[in-house]
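Since the structure is predicted, the reported quantities are computational estimates derived from the model, not experimental observations. All chains are named by letter (A, B, ...) in the order of the sequence lines, taking the proteins before the strands, and each is independently numbered beginning at 1.
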Number of protein chains: 2
Amino acid sequence: MTDEPDKSKFDRSCCPIACALDQLGDKWTLLIIRDLLLGKKRYQEFLASPEQIATNILADRLKKLEADGFVVQQAYQQNPVRYEYKLTQKGEDLAPVLQALVTWGKSHYPGSRVFKAVKP
Amino acid sequence: MTDEPDKSKFDRSCCPIACALDQLGDKWTLLIIRDLLLGKKRYQEFLASPEQIATNILADRLKKLEADGFVVQQAYQQNPVRYEYKLTQKGEDLAPVLQALVTWGKSHYPGSRVFKAVKP
DNA sequence: GTAAGTTACTTGCTTAATGCAAGTTACTCT
DNA sequence: AGAGTAACTTGCATTAAGCAAGTAACTTAC
């Protein structure tokens, strides 16, 4: 019952790459962050992305992204409460990582191309 | 029986991030590439990394990395044949992605730090 | 020259994550 | 009133990850 922070320091090692992959290392999380960086905010917008994420996985990832401090929820209506998701600074700071991935991906997967940002 | 390339175009979408994550989107693959960029070449060197990858997963990932063109094997002895692994250009081109992840990780996981490159 | 060690794996089994389809709640719009 | 929409949840099958142990073919130490 001490007041130690619940995070158990480093999951696998103190390497910043390992720390990052503990939270981002799967097939979906970075795609959701991509969508958020492109301006998407709502559940249906994420579902509409061409990669066809399953609804249970999307719900699970949004929960984890919030728990890990990448996004915050903001209610945009009551009864029932509905939330929009927006990136925190931690999440937005991933933009250079995604940008590097795009640069790499475009040169190694000819024909691939990025999507347009959604209108606000 | 046409001579179409065996790769089925794009796994999930034509987004370069999605293409990248189809091959790199897990907890281990980028850590092995990190090790290779740091100069590691052999099975035991990868196993010695502090994240403690399981032997079956390491063997599986090395196979996939070769199949996907990130690394090539080079025999360094016969009887039995033993291989070293080295990055292809495709693999080395991931350095900026890893660098961006390191920059992000160091600022968001205080106390994390990169390992030294191994001596050749 | 035998026994212990090293290297690069493979195999078997358990647990966790992913994927698919359908169901639910609380509205709004026609 | 009935259909539609948004944001999920639940159940179940498939796939991947994790753990421990085993194997083949040497090499080195005694």
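Across all strands shown, Lys64(B) has no heavy atoms under 4.0 Å from either base or sugar-phosphate atoms. Using a 4.0 Å heavy-atom distance criterion, Asn56(A) is classed as a base contact. Counting non-hydrogen atoms under 4.0 angstrom, Phe46(A) reaches nothing in the nucleic acid.
Note on ring orientation: taking the six-membered ring where Trp is involved, the planes of Phe70(A) and Trp104(B) are parallel (angle under 30°, cut-offs 30° and 60°).
One side chain, Ser49(B) or Lys40(B), offers a donor N or O that lies under 3.5 Å from an acceptor on the other. Using modelled atom types, one finds no donor on one side chain facing an acceptor on the other under 3.5 Å when comparing Tyr83(B) with Gln74(B).
Remark: P of dA17(C) and CD1 of Ile53(A) are 15 Å apart, rounded to the nearest angstrom. In this structure, the NZ atom of Lys41(B) is 15 Å from the P atom of dT7(C), given to the nearest Å. In this structure, OH of Tyr76(B) is placed 6 Å from C1' of dT7(C), rounded to the nearest angstrom. One can place CH2 of Trp28(A) at 10 Å from P of dT18(C), the figure rounded to the nearest angstrom. For the pair Lys27(A) NZ and dC20(C) P, the interatomic distance rounds to 13 Å; values are reported in whole Å. Between the CG atom of Asp26(A) and the C1' atom of dG19(C) there is a distance of 14 Å, given to the nearest Å. The separation between Glu45(B) atom CD and dT7(C) atom P is 10 Å, rounded to whole Å. When rounded to the nearest whole Å, the span between CD of Glu51(A) and P of dT18(C) equals 16 Å.
Counting 5' to 3', DNA chain D first comes under 4.0 angstrom of a heavy atom of chain A and last does so at the ends given by dA6(D) to dG11(D).
One distance of note links CG of Asp26(B) with CG of Leu21(A); it measures 8.0 Å at 0.5 Å rounding. The line from CZ of Arg34(A) to CG of Leu94(A) is 14.0 Å long, rounded to the nearest 0.5 Å. Interatomic distance, Leu24(A) CG to Asp68(A) CG, rounded to the nearest 0.5 Å: 8.0 Å.
Comparing Glu84(A) and Gly25(B) along DNA chain D, the residue whose closest nucleotide (by nearest heavy atom) sits nearer the 5' end is Glu84(A).
Considering only side-chain N and O atoms, Tyr43(B) lies nowhere under 4.0 angstrom from the phosphate OP1 or OP2 of dT10(C).
Taking the charged nitrogens against the carboxylate oxygens, Asp22(A) and Arg12(A) do have a contact shorter than 4.0 Å, which makes a salt bridge.
In this structure Arg82(B) satisfies the salt bridge (Lys or Arg N to Asp or Glu O under 4.0 Å) test with no other residue, sequence neighbours excluded.
Nearest nucleotide to the Thr55(B) side chain, out of dT10(C), dT18(C), dA22(C): dT10(C).
Distance alone, capped at 3.5 Å, places no donor-acceptor pair between the Glu66(A) side chain and the Lys63(A) backbone.
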Can you give me the N/O atom pairs linking the protein to nucleotides 26-30 of chain C at distances under 3.5 Å, or say none if there are none?
| from | atom 1 | to | atom 2 | distance (Å) |
| --- | --- | --- | --- | --- |
| dC27(C) | OP1 | Asn79(A) | O | 2.3 |
| dC27(C) | OP1 | Asn79(A) | OD1 | 3.2 |

